[in-house]
Amino acid sequence: MNTKNQTDTKRSSFTGKIGFVLAAAGSAVGLGNIWRFPYLAAQYGGGIFLLVYIILAVTFGFSLMVAETAIGRKTNLSAIGAFQALDKRFSWVGYLASAVPIIILPYYSVIGGWVMKYIFGFVAGEGSQMADSNFFPNYTSTTAEPLIWFFEFIAITSVIVFFGVEKGIEKVSKIMMPILIFLILFIVIYALLTMENALDGVIYYIKPDFSKFSIMTVVAAMGQMFYSMSLSMGIMITFGSYMKKDIDISKSVHQIELFDTGIAFLSGLLIVPAVFAFSGGDESALGQGPGLMFVTLPKIFNTMPAGNVIGSVFFIMVFFAALTSAISLMETVVSIFMDKAKLNRKLSCIVVFASSLLLGIPSSLGFSVWSKVKILGLQFLDLFDFISNNIMMPVAAFATCIFVGYFIKPKAIIDEVSVNGKFKEEKLFSTVIRFIAPICIVTILVSSILNVFGIIKI
Ligand code: PHE
């Protein structure tokens, strides 16, 4: 990921048609799908959240992913260089987008650490203890252990990026991903057949209840869409720069989107109905936030024969999904340090490792010794999550839309996409990029900021 290597020959590129799709899907599918999507869906009204999410993903998410990929392929540069090359006045967008993974990587690794703790818990046969509702809050409120797991997760990620052995991990996760899908399907079916009240949960999750709609539903769904599809943080631009000219951008984006949304949907179907079943239909159990997956899944595994084995396998696969995403986050940050601070690869890895460690500590301690510290009413992990997903990414996305819509013009992107055949969604693309997305983002950005500062209540 070096912005200096401008020529096709020097710049590394994906091999084969499927290379881009697999790399982008590896980055997209991660904790965002399995951990974040279900708790947001539970919190923000179930079916209505799902509906808003899908509409946003197929219009807005699609258009933005196409735009970013095409910008990368057209310029052969990663985010900062690409915006600079196309229009100097928009260089800041590249910087803003690049700052996002710097914020996400540390807290992502804190959650990766929780996943590792659960793997070892299940492997040690402690599934029934973990099924207790108090296990997760008790665990995260201890100081040292979550920090140690966080450290291990970020250390593993760093070692992989340091030695440049991502390819090996990608190979493993190619096998893991399909198994993960089948396992989720199996557990969903098992849970739905054996649990009481689960059907109420399915209805809550699938059937939109318009009375539960608020602007916060859109705020949350939009933040989730950026996060899950790895948008507005320079990653897709970099991937696009590695993409060969004979690959169909719009078709590839459709495939990534389907895969990403499919896994998020299934994860929600796994977790949301189970919350209903275990709480006896009490809706207040839905608003637990980040702990939802960690509290609910062990309960399901505990009802299953060989629950410890299934739990171990499940969390191992979640770990691999998280690892491939963390690697792509770290790769991006490392490449920024290489390009901008002119550090070599190894040194940048060390700098990124150390700074992520420092930045991640507050997110972890926010559940224990610093649980009283709140900024804007949010504890550290939620604060980092909010700033990156609900402020920085929408601003970067807005600027990208204005840039594409009114400066380089949609035609520049359409031409790039049409290199291999007709861009069927051309009209949708220009309309979304020029009008719908910018208006949507501004409304949402302003209202979510006013909400956090308590000026309006939504
Ligand atoms: N998309 C990843 C997920 O859903 C998270 C991620 C965000 C990865 C940004 C890379 C970059 O978990």
Side-chain angles (χ1 to χ4, degrees), residues 1 20-41 53 56-57 61 64-65 68-69 72 78-79 96-115 153-154 157 160-161 166 169-170 173 176-177 180-181 184 220-240 253 256-268 290 293 317-336 352 356 381 384-390 392-394 396-397:
M1 297 196 189
F20 168 76
V21 174
L22 283 179
S27 166
V29 176
L31 293 170
N33 308 60
I34 307 162
W35 155 77
R36 202 172 186 276
F37 183 87
Y39 89 72
L40 290 178
Y53 183 83
L56 284 175
L64 211 58
M65 196 182 258
E68 290 191 13
T69 313
S78 46
L96 178 67
S98 305
V100 174
I102 299 179
I103 298 183
I104 295 186
L105 179 63
Y107 84 79
Y108 199 84
S109 304
V110 170
I111 301 151
W114 296 348
V115 171
F153 186 89
I154 187 82
T157 312
I160 294 167
V161 176
E166 297 88 331
I169 301 298
E170 275 163 28
S173 68
M176 294 287 191
M177 281 303 130
L180 178 66
I181 298 176
I184 295 183
M222 197 170 76
Q224 172 62 16
M225 179 197 79
F226 293 132
Y227 188 90
S228 187
M229 294 173 75
S230 303
L231 293 174
S232 289
M233 49 189 109
I235 290 186
M236 294 310 298
I237 299 186
T238 307
F239 281 173
V253 169
I256 299 162
E257 199 176 30
L258 189 70
F259 200 59
D260 189 57
T261 310
I263 297 201
F265 173 77
L266 284 178
S267 306
M293 160 176 130
M317 281 177 301
V318 174
F319 170 75
F320 272 95
L323 192 61
T324 49
S325 297
I327 291 169
S328 78
L329 281 164
M330 184 152 181
E331 272 284 355
T332 316
V333 183
V334 166
S335 73
I336 298 165
V352 175
S356 303
L381 193 147
F384 287 129
D385 192 69
F386 177 81
I387 294 176
S388 50
N389 289 279
N390 294 357
M392 293 168 76
M393 293 193 222

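Position 1 is the first residue of the sequence, and the numbers go up from there. Ligands are counted one by one from 1 in listed order, and the atoms in each one are counted from 1 as well.
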Practice task
Check ring pair (Phe, Tyr, Trp, His ring centres under 6.0 Å) between F320 and all other residues, then give those that pass, not counting sequence neighbours.
Solution key: none
Handout entry: Residue list, ring pair (Phe, Tyr, Trp, His ring centres under 6.0 Å) with F153, at least two apart or on another chain
Key = F319
Handout entry: Audit row: L96, M392, side-chain contact (heavy atoms from CB on, under 4.5 Å) steps and yes/no
Key = CA-CA 7 Å; L96 178 67; M392 293 168 76; 4.1 Å; yes
Practice task
Would you please write out the protein residues whose heavy atoms approach any atom of ligand 1 to under 4.0 angstrom, listed by chain and number?
Solution key: S27, A28, G30, L31, G32, N33, Y108, Y227, S228, S230, M233, I235, S325, S328, L329
Problem - S228 side chain to D260 side chain, donor-acceptor N/O pair below 3.5 angstrom - result: yes
Practice task
Applying side chain to side chain donor-acceptor pair (under 3.5 Å) between S230 and each of S27, S325, S328, report the one that passes.
Solution key: S27
Handout entry: Contacts of type side chain to side chain contact (heavy atoms under 4.5 Å, CB included), residue P106, not counting sequence neighbours
Key = S356, L359
